[in-house]
Number of protein chains: 2
Amino acid sequence: MISQKARYALRALVALAKSAEPDRAVFISDIASSERIPRKFLEQILLDLKHHGIVESRRGKAGGYLLLKAPEEITFGEVLRIVDGPIAPLPCLSKTAYRRCEDCRSEESCEVRKVFARVADVTRNVLDRTSIADCLSTDSGKVNLLIAG
Amino acid sequence: MISQKARYALRALVALAKSAEPDRAVFISDIASSERIPRKFLEQILLDLKHHGIVESRRGKAGGYLLLKAPEEITFGEVLRIVDGPIAPLPCLSKTAYRRCEDCRSEESCEVRKVFARVADVTRNVLDRTSIADCLSTDSGKVNLLIAG
DNA sequence: CTAATACCCTACTAAACCGATAGAGTTAAG
DNA sequence: CTTAACTCTATCGGTTTAGTAGGGTATTAG
């Protein structure tokens, strides 16, 4: 299960991409109410995404948030890694945050690891090839999903 | 990430399948020490697997655990669902424990859900087609993994 | 200038979950 | 009838999750 926070992040990004009048920022409050996300919680999430270069913000009376990267370049995988941490089902399978399983005799011969290596592969195949842009119009989404599959 | 408990469960089942002298039970302590699993913790795990019909136990001095189902019939997916709960990345995608996302306007039009539906599909494709038997000899494991992929 | 309205940042918290540990109880073999 | 196995319930410290709270800072309309 992905966290609530990750769901909020993805929905907020889709909302931002949809309301894309170029160079016009969107209020946190607007996203919060249209997407039913607790306002202050969403602040934290967007701030986090800003620190990771996904969105940018403007302060002051006419402030708000905009996408910094193009929707095509923001993958689900990237967002999930920022918000929820590594995608791999075992620490010893993570490419971005590898950690040895300290009770494992040998990584190469670990049977459980072999199976989950496949799970990690197929999961990344979807998440790293699907972007926010694929959520904008139903059709383009379908196309990309078919390619990924 | 799957839980430590699930890793222990899978490793214990593989160990049980490997030490399969038919009709001879294996001590918890033996599995615990050979697999480096905390003994009392393993007790809970095996008990849980017993309640779900995966293993059976014998009490008394010559007691222990044995597989109740054939290794071919115990899938990774089944074990994970018992130990860690639903496999689906969103509650609204679980087949075994469906729950509506209460802040979602419409399930059919949810873009995030569409993407994770694919994730759920490919994940189940691996986990529900891979069994403990696939971990016994390297060769048979490879064969089945290739079929599943 | 200044008040209003945005984002920025840190700290806190209640509840749940995780990874165990403890210990009393039950069963069966020898 | 003792010993050594499984059975079951309770507890516990630490971490994570899903927020809430509140003050600080920047920008701009008037």
Side-chain angles (χ1 to χ4, degrees), chain A residues 1-12 16 24-33 35-52 54-68 80 82-86 89-91 97 99 101-103, chain B residues 1-12 16 24-33 35-52 54-68 80 82-86 89-91 97 99 101-103:
Chain A
M1 294 270 182
I2 69 169
S3 69
Q4 182 78 322
K5 197 170 172 179
R7 290 206 305 124
Y8 287 161
L10 290 167
R11 277 176 26 208
L16 269 179
R24 176 176 191 81
V26 184
F27 297 146
I28 289 183
S29 340
D30 287 353
I31 305 174
S33 65
E35 293 295 324
R36 299 175 172 177
I37 303 172
R39 208 217 118 121
K40 294 292 273 180
F41 198 25
L42 181 57
E43 278 189 23
Q44 290 179 32
I45 295 168
L46 287 174
L47 199 55
D48 204 6
L49 294 177
K50 178 192 168 180
H51 292 324
H52 284 87
I54 310 284
V55 297
E56 66 179 316
S57 66
R58 294 198 186 142
R59 288 162 68 136
K61 200 161 183 186
Y65 275 92
L66 330 87
L67 294 185
L68 184 55
L80 282 182
I82 291 171
V83 176
D84 276 0
L90 295 174
R99 260 182 36 238
C101 298
E102 65 296 317
D103 58 348
Chain B
M1 293 271 182
I2 70 169
S3 69
Q4 182 80 320
K5 196 170 174 180
R7 290 206 305 126
Y8 288 160
L10 290 167
R11 275 171 33 201
L16 270 179
R24 177 175 191 82
V26 184
F27 297 147
I28 289 183
S29 342
D30 289 352
I31 305 175
S33 65
E35 293 295 324
R36 302 176 172 176
I37 302 172
R39 207 217 120 119
K40 294 293 273 181
F41 198 27
L42 182 57
E43 278 188 20
Q44 289 178 32
I45 295 168
L46 287 173
L47 197 55
D48 203 7
L49 293 177
K50 178 191 169 186
H51 291 322
H52 284 87
I54 311 284
V55 297
E56 67 180 315
S57 66
R58 294 197 187 142
R59 289 163 64 137
K61 199 163 183 181
Y65 275 92
L66 333 86
L67 293 185
L68 184 54
L80 282 182
I82 291 171
V83 176
D84 277 0
L90 294 175
R99 261 181 36 236
C101 298
E102 66 297 315
D103 58 348

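Only this structure's heavy atoms are used, side chains among them; waters, hydrogens and symmetry mates stay out. Note on naming: letters A, B, ... go to the chains in the order of the sequence lines (proteins, then strands), and numbering restarts at 1 for each one.
Computed from C1' positions of five pairs at each end, the angle between the two local axes of the helix from C/dC1-D/dG30 to C/dG30-D/dC1 equals 0°, rounded to 10 degrees.
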Checklist entry - How would nucleotides 4-16 of chain D be written as a contact map, 5' to 3', with B for base contact, S for sugar-phosphate-only contact and - for no contact, using protein heavy atoms under 4.0 Å? => result SBSBB-B------
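Other residues, nucleotides and ligands place no more than 12 heavy atoms under 6.0 Å from the CZ atom of A/Arg99. The neighbour count for A/Arg39 CZ, taken as heavy atoms of other residues, nucleotides or ligands under 6.0 Å away, is above 12.
How far OG of A/Ser57 is from CG of A/Leu46: 9.5 Å, rounded to the nearest 0.5 Å. Here the straight-line distance linking atom CG of B/Asp48 with atom CD1 of B/Ile45 works out to 8.5 Å at 0.5 Å rounding. Atoms CG and CD1, from A/Leu16 and A/Ile31 in turn, are 4.0 Å apart once rounded to the nearest 0.5 Å. The distance from the CD1 atom of B/Ile82 to the CD1 atom of B/Ile54 is 4.0 Å, given to the nearest 0.5 Å.
For DNA chain C, the span of nucleotides reached by chain B at under 4.0 Å from its heavy atoms goes, 5' to 3', from C/dG19 to C/dA29.
Residues passing the side chain to side chain contact (heavy atoms under 4.5 Å, CB included) test with B/Leu66 are B/Ala25, B/Glu56, B/Arg58, sequence neighbours excluded. A/Ala62 meets the side chain to side chain contact (heavy atoms under 4.5 Å, CB included) test with no other residue; sequence neighbours excluded. Evaluation of the ring-ring contact (aromatic ring centres under 6.0 Å, His included) rule for B/Tyr8 yields B/Phe41 as partners, not counting sequence neighbours.
Regarding A/Arg36, its CZ atom lies at a distance of 19 Å from the P atom of D/dA18, rounded to whole Å. Straight-line distance from the CZ atom of A/Phe41 to the P atom of D/dG22: 18 Å, rounded to whole Å.
Between the side chain of A/Asp84 and the main chain of A/Ser3, a donor-acceptor pair closer than 3.5 Å is present.
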